[in-house]
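Heads up: the structure comes next, in structure tokens.
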Amino acid sequence: MTEDASLVSDPRRYFQSVDAKRTVEAEQPPVCAYLEITNRCNLLCETCPRTFEALEPPADMSWALFTRIVDQLPGLSRAVLHGVGEPMLVRALPAMIRYLKDRGVYVLFNTNGTLLRERRFPELVDSGLDELRVSLDAADAPTYARIRGKNFFDRIVRDVKRFTGYLRERDLANPRVSLWLTGLQETIGQLPDFVRLAARMGVAEVHLQRLVFDEQGFGLARAECSLFERTEASEAETIEQAMALGQSLGVRLDASGATEPGISLKRSDESSPWSLCRRPWSLMYFTAHGRALPCCIAPFSARGYENYTLGDATQQTLREIWNGEAYRDFRGRLLGDTPPKPCEGCGLRWSL
């Protein structure tokens, strides 16, 4: 592993540490990989594009493809085992985690928590998983059902609480468990209750998740649902209240994108919001079928994988993809005034 676990476990420090000179050709191989080990899901979330369109045929990433990718990244430090599907549907998940951990890689994934049964607790712990991120998205059952498409709220709350108790009883630090809430006009008022709920569940970390959408929008992922640059004074006050409440309850409230909730709602660079991105120089994303995409945000911010596919891991080596014509063209456009489609609204059509 190229970096210690304490570094790669902190996104803010992690991305600051990636000293990538941003040119059309990447000077260093990627240190992070997003591996969409499945694109299947058992929910119908109103904030996910797969609910509204077929992105690729349903599939789990094969073991052969998984190992083919990992074995070509000897300097890999961080692996994220999710994409647009639910990772816990994959039977090989524990073996995949262990395969990465045996190489010293920091491993995490997001789950909807619907399959976190007690019989699976030992396999998650024994795999060496570093982080388990649970996307809950609401502080009560009715709101959860509206956002997630099905009502598993009470069961998820119960099972996550049991899992944190399982870890506590055995004095286990890993996997770190966190709760995630998508930033919506409909849910921001629940943030203090969400923090209280986390405390009752034994979860010490809460994160506001970016809402990402394209120009047309879909489901609840639309401009009118967004918080970005639309935050009312009362909503900003709610965020501050939730952060103070978290401090009193021992729950840390943070935001995705390696920033704080309040800061994340403001545009960092008005003329070119994509200009600070380092992802095409530090990470690779592969779908369950081996399609190379620029990042995990691309499927949410632009329609049609064919418009931003950068390679095929079933047909090409990662070296050929990483500095191939498609990747070089993508980086060149990202560095200019006419960025690729998934990037042009980055920071404009998302919120926390």
Practice problem: Classify the side-chain pair R331/Y327 by whether it contains a donor and acceptor separated by less than 3.5 Å. | Solution: no

Practice problem: Heavy atoms only: give me the nearest R168-G202 pair and the separation to one decimal. | Solution: NH1-CA, 4.4 Å

Quiz prompt | Side chain proximity check, P94 to I97, heavy atoms < 4.5 angstrom | solution = no

Quiz prompt | Value rounded to 0.5 Å, distance of CD in E186 from CG in L220 | solution = 5.5 Å

Quiz prompt | Cluster link I156 to L89, ILVMFWY, side chain under 4.5 Å | solution = yes

Quiz item: So, do M61 and I69 sit near enough that their side-chain heavy atoms are less than 4.5 Å apart?
Solution: yes

Quiz item: Do the side chains of L115 and V160 join up, straight or via other hydrophobic residues, at under 4.5 Å, putting them in one cluster?
Solution: yes

Quiz prompt | Residues, nucleotides or ligands: over 12 heavy atoms within 6.0 Å of Q216 CD | solution = yes

Exercise. Go through the steps for D214 and K341 under the test side chain to side chain contact (heavy atoms under 4.5 Å, CB included), then give the verdict.
Key: CA-CA 10 Å; D214 61 19; K341 186 68 172 178; over 6 Å; no

Quiz item: Does NZ or CZ of R162 fall inside the cone over Y166's six-membered ring, less than 6.0 Å from its centre and within 45° of the axis?
Solution: no

Exercise. Dump the intermediate steps for side chain to side chain contact (heavy atoms under 4.5 Å, CB included) on S135 and R148, then the final yes or no.
Key: CA-CA 10 Å; S135 296; R148 308 293 277 181; 3.7 Å; yes

Quiz item: Is there a donor-acceptor contact under 3.5 Å from the side chain of E36 to the main chain of V84?
Solution: yes

Quiz item: Does the side chain to side chain contact (heavy atoms under 4.5 Å, CB included) test come out yes or no for V90 and F109, once each step is laid out?
Solution: CA-CA 12 Å; V90 179; F109 67 86; over 6 Å; no

Exercise. Would you name the heavy atoms of P280 and W322 that are closest together and state the gap between them?
Key: O-CH2, 3.2 Å

Practice problem: State whether the side chain of R98 and the backbone N or O of D126 hold a donor-acceptor pair below 3.5 Å, judged by distance alone. | Solution: yes

Self-check item: Gap between atom CG of L179 and atom CG of D137 - 0.5 Å precision
Solution: 10.5 Å

Quiz item: So, S301 side chain and P342 main chain: donor-acceptor pair closer than 3.5 Å or not?
Solution: yes

Quiz item: Does the side chain of E131 reach to within under 4.5 Å of the side chain of P175, using non-hydrogen atoms?
Solution: no

Quiz item: When you measure from the side chain of D130 to the backbone N and O of V107, does any donor-acceptor pair fall under 3.5 Å?
Solution: yes

Quiz item: Which heavy-atom pair separates L124 from L116 by the least distance, and what is that distance?
Solution: CD1-CD1, 3.6 Å

Practice problem: Under the side chain to side chain contact (heavy atoms under 4.5 Å, CB included) rule, what do T309 and L293 come out as? Steps first, then yes or no, please. | Solution: CA-CA 5 Å; T309 293; L293 303 180; 4.1 Å; yes

Quiz item: Is the shortest heavy-atom distance from the side chain of V70 to the side chain of M96 under 4.5 Å?
Solution: no

Quiz item: Can you tell me if W281 uses its side chain to pair, donor with acceptor, with the backbone of T23 under 3.5 Å?
Solution: yes

Quiz item: T143 and Q190: side chain to side chain donor-acceptor pair (under 3.5 Å), yes or no, with the steps?
Solution: CA-CA 10 Å; T143 306; Q190 293 193 345; 3.0 Å; yes

Practice problem: Answer yes or no: does atom CG of D102 have more than 12 heavy-atom neighbours from other residues, nucleotides or ligands under 6.0 Å? | Solution: yes

Practice problem: Could you grab the distance from atom CZ of R22 to atom CZ of R278, nearest 0.5 Å is fine? | Solution: 7.0 Å

Quiz item: Would you call the rings of F218 and F300 parallel, tilted or perpendicular if under 30° counts as parallel and over 60° as perpendicular?
Solution: tilted

Practice problem: Could you tell me whether a side-chain N or O of H289 sits under 3.5 Å from a main-chain N or O of P57, the two making a donor and an acceptor? | Solution: yes

Quiz prompt | For L65 against A288, the heavy-atom pair lying closest together | solution = CD2-O, 3.7 Å

Self-check item: Distance (rounded to the nearest 0.5 Å) between C45 SG and Y144 OH
Solution: 6.5 Å

Practice problem: Please check if V203 and L245 belong to a single hydrophobic cluster, counting links between Ile, Leu, Val, Met, Phe, Trp and Tyr side chain heavy atoms closer than 4.5 Å. | Solution: yes

Quiz item: Can you list every pair that meets side-chain hydrogen bond (donor to acceptor under 3.5 Å, both in side chains) and has a residue in residues 37-56, with sequence neighbours left out?
Solution: T38-D60, R40-D60, N42-N112, N42-T114, E56-T287, E56-R291

Quiz prompt | Closest non-hydrogen atom pair between P299 and P49, with its separation | solution = O-CG, 3.6 Å

Quiz item: Relative to the ring of W63, is the ring of F66 parallel (under 30°), tilted (30 to 60°) or perpendicular (over 60°)?
Solution: tilted

Quiz item: Near R146 CZ, under 6.0 Å, is it more than 12 heavy atoms from other residues, nucleotides or ligands?
Solution: no

Exercise. Can you measure from CZ (R252) to CE (M243) and round to the nearest 0.5 angstrom?
Key: 10.0 Å

Quiz prompt | Whether R133 side chain and L108 backbone form a donor-acceptor pair below 3.5 Å | solution = no

Quiz item: Short question: side chain of R328, backbone of N323 - any donor-acceptor pair under 3.5 Å?
Solution: yes

Practice problem: Taking the side chain as every heavy atom from C-beta outward, state whether S127 and K101 have any pair of such atoms under 4.5 Å apart. | Solution: no

Quiz prompt | Joint hydrophobic cluster, F121 plus L93, side-chain heavy atoms closer than 4.5 Å | solution = yes

Quiz item: With a 4.5 Å limit on heavy-atom distance, are the side chains of T111 and E86 in contact?
Solution: yes

Quiz item: When rounded to the nearest 0.5 angstrom, what distance separates CZ in F163 from CG in L132?
Solution: 5.5 Å

Exercise. Using a 4.5 Å cut-off on heavy atoms from C-beta on, say whether the side chain of L43 contacts that of F152.
Key: yes

Quiz item: Is there side-chain contact between L191 and I239, with at least one heavy-atom pair below 4.5 Å?
Solution: yes

Practice problem: Mind checking salt bridge (charged side-chain N to carboxylate O under 4.0 Å, His left out) for D154 and listing every partner two or more places apart, or none if nothing turns up? | Solution: none

Quiz item: Between the side chain of Q72 and the main-chain N/O of L318, is any donor-acceptor distance below 3.5 Å?
Solution: yes

Self-check item: Minimum heavy-atom distance P30-L73, with the two atoms named
Solution: CG-CD2, 3.6 Å

Quiz item: Looking only at atom types and distance, does a side-chain atom of R103 sit under 3.5 Å from a main-chain N or O of D71, one as donor and one as acceptor?
Solution: no

